[in-house]
Amino acid sequence: TANEARNSRENKYWIVANQLDYKVFDDLVLTASYAYKNRNYIYKRRSMPFEYSRAEGATSTFTSGTITDYYQEGHMQIDDNNLNIYGTYTHIWDKKHNLKVVAGGQYEDYRTTDLSVKKNDLLSKDLSSFTVAQGETTVGHDISAYRTLGYFARVNYDYEGKYLAEISGRWDGTSKFASKDRWGFFPSIALGYNISEESFFEPLRKVITSMKLRGSWGLVGNDQIGGERFIYMPTINLSGKGFTTGIDQNYGLSGPVYTRYENNSITWEVGEKINLGIDLQLLNSLNIVVDIFRETRRDIFQKKGTIPTYL
């Protein structure tokens, strides 16, 4: 007979975002932006064995590890709040010196809730409801949440579009690490030279329309540690290790075992990036970009699957 199992999924995703700009005076603008993201995911699964026949007049019921008589529902919700507040100051002196300063803060509150309920042995094939199920109930509930808070500043300066400089820094904190290691400072600096804007470059303009030399150095922080909220804290399985005891070694018991050891030193993974480059435009049409870069990472978060016998 046909398999009467049925599944359904419902996924809702919506975003609310807005931004407000306020001009304090001609050179200074204050900005506040807020975004809220929400996702609701619901799935319903009705599973049941089905009959089959290999010979006329003889039927059997097919079951397996996954094809049994049960009803299951899962509800997952994601809420993400993101707030940015910053000011932008711009000023030009003598039509030569151009300055732009941006400074502010950022806050994020993220939370995921995942609830799953499964119940066996329903009284009717036509109904998909926990109220008509009389078997074992299995409930799973998982909550994951974190918060981040950061302060940032960036200063840009150029002289007549020839000599360019940018200095920036971020001071970021996250709830994913222990309190003493939650904050990290990540600076960067970039320099540029539009050599084609110099007067001595004029004879070359027919061939080399523009030419820019640039270089940068910076640190980038990463707090993505696999979605586990309290990764720096230990976890213990109270019945995780079996052993035998007694005079005749005929009693089997289980005891606690560490599944993860405490590590309060877990902190930001830091990437150091160095970049040198040149931007060219030839014959007013052909663009060429050449980059040489290097990235070095430290304090990389990694789970070890096994511990070797010899070190």
Any [X] side-chain heavy atom under 4.5 Å of [Y] side chain:
{"X": "K176", "Y": "Q224", "value": "yes"}
{"X": "N264", "Y": "K180", "value": "yes"}
{"X": "V117", "Y": "E73", "value": "no"}
{"X": "Y146", "Y": "S175", "value": "yes"}
{"X": "S196", "Y": "I208", "value": "no"}
{"X": "Y89", "Y": "L99", "value": "yes"}
{"X": "N156", "Y": "R154", "value": "yes"}
{"X": "L191", "Y": "W217", "value": "no"}

Tell me yes or no: between the side chains of [X] and [Y], is some donor less than 3.5 Å from an acceptor?
{"X": "Y36", "Y": "N82", "value": "no"}
{"X": "Q106", "Y": "N84", "value": "no"}
{"X": "R9", "Y": "Y41", "value": "yes"}
{"X": "S144", "Y": "T112", "value": "no"}
{"X": "D27", "Y": "T90", "value": "no"}
{"X": "N11", "Y": "R39", "value": "yes"}
{"X": "D79", "Y": "Q77", "value": "yes"}
{"X": "Q281", "Y": "N287", "value": "yes"}
{"X": "N40", "Y": "N38", "value": "yes"}
{"X": "S128", "Y": "R6", "value": "yes"}

Using the side-chain hydrogen bond (donor to acceptor under 3.5 Å, both in side chains) rule, pick out the option among R45, K118, K44 that qualifies with Q72. R45
Does atom CD of E136 have more than 12 heavy-atom neighbours, drawn from other residues, nucleotides or ligands, at distances under 6.0 Å? no
Flag if over 12 foreign heavy atoms under 6.0 Å of CZ, R147: no
For E160, the salt bridge (Lys or Arg N to Asp or Glu O under 4.0 Å) test, sequence neighbours excluded, returns K162
Can you name the closest pair of heavy atoms from [X] and [Y] and give their distance?
{"X": "T113", "Y": "R111", "result": "OG1-NE, 3.7 Å"}
{"X": "I266", "Y": "I231", "result": "CD1-O, 4.0 Å"}
{"X": "D299", "Y": "W268", "result": "CB-O, 3.5 Å"}
{"X": "F293", "Y": "N275", "result": "CB-ND2, 3.5 Å"}

Let me see the working for Y232 and F177 under ring-ring contact (aromatic ring centres under 6.0 Å, His included), right down to the final yes or no. CA-CA 7 Å; Y232 57 90; F177 308 133; 8.0 Å; no
Main chain of E197, side chain of N194: is a donor-acceptor contact present, judged purely on distance under 3.5 Å? no
Give me the ring orientation class for Y159 and H97: parallel if the planes are under 30° apart, tilted from 30 to 60°, perpendicular past 60°. tilted
May I ask you to decide if the ring planes of Y86 and F152 are parallel, tilted or perpendicular, using 30° and 60° as cut-offs? tilted
Kindly determine whether T174 and T148 satisfy side-chain hydrogen bond (donor to acceptor under 3.5 Å, both in side chains), including the steps that lead there. CA-CA 4 Å; T174 176; T148 62; over 6 Å; no
Go through the steps to decide whether D69 and R46 satisfy the test salt bridge (charged side-chain N to carboxylate O under 4.0 Å, His left out), and finish with yes or no. CA-CA 8 Å; D69 185 16; R46 177 68 171 97; 2.8 Å; yes
Determine, using the 4.5 Å side-chain heavy-atom cutoff (strictly less than), whether I85 and V102 are members of one ILVMFWY cluster. no
Under-4.0 Å salt bridge between D172 and R170: yes
Please find out if less than 6.0 Å separates the ring center of F186 from that of W171. no
Please lay out, stage by stage, how L204 and K206 fare under the test side-chain contact (heavy atoms from CB on, under 4.5 Å). CA-CA 6 Å; L204 302 175; K206 292 182 179 180; over 6 Å; no
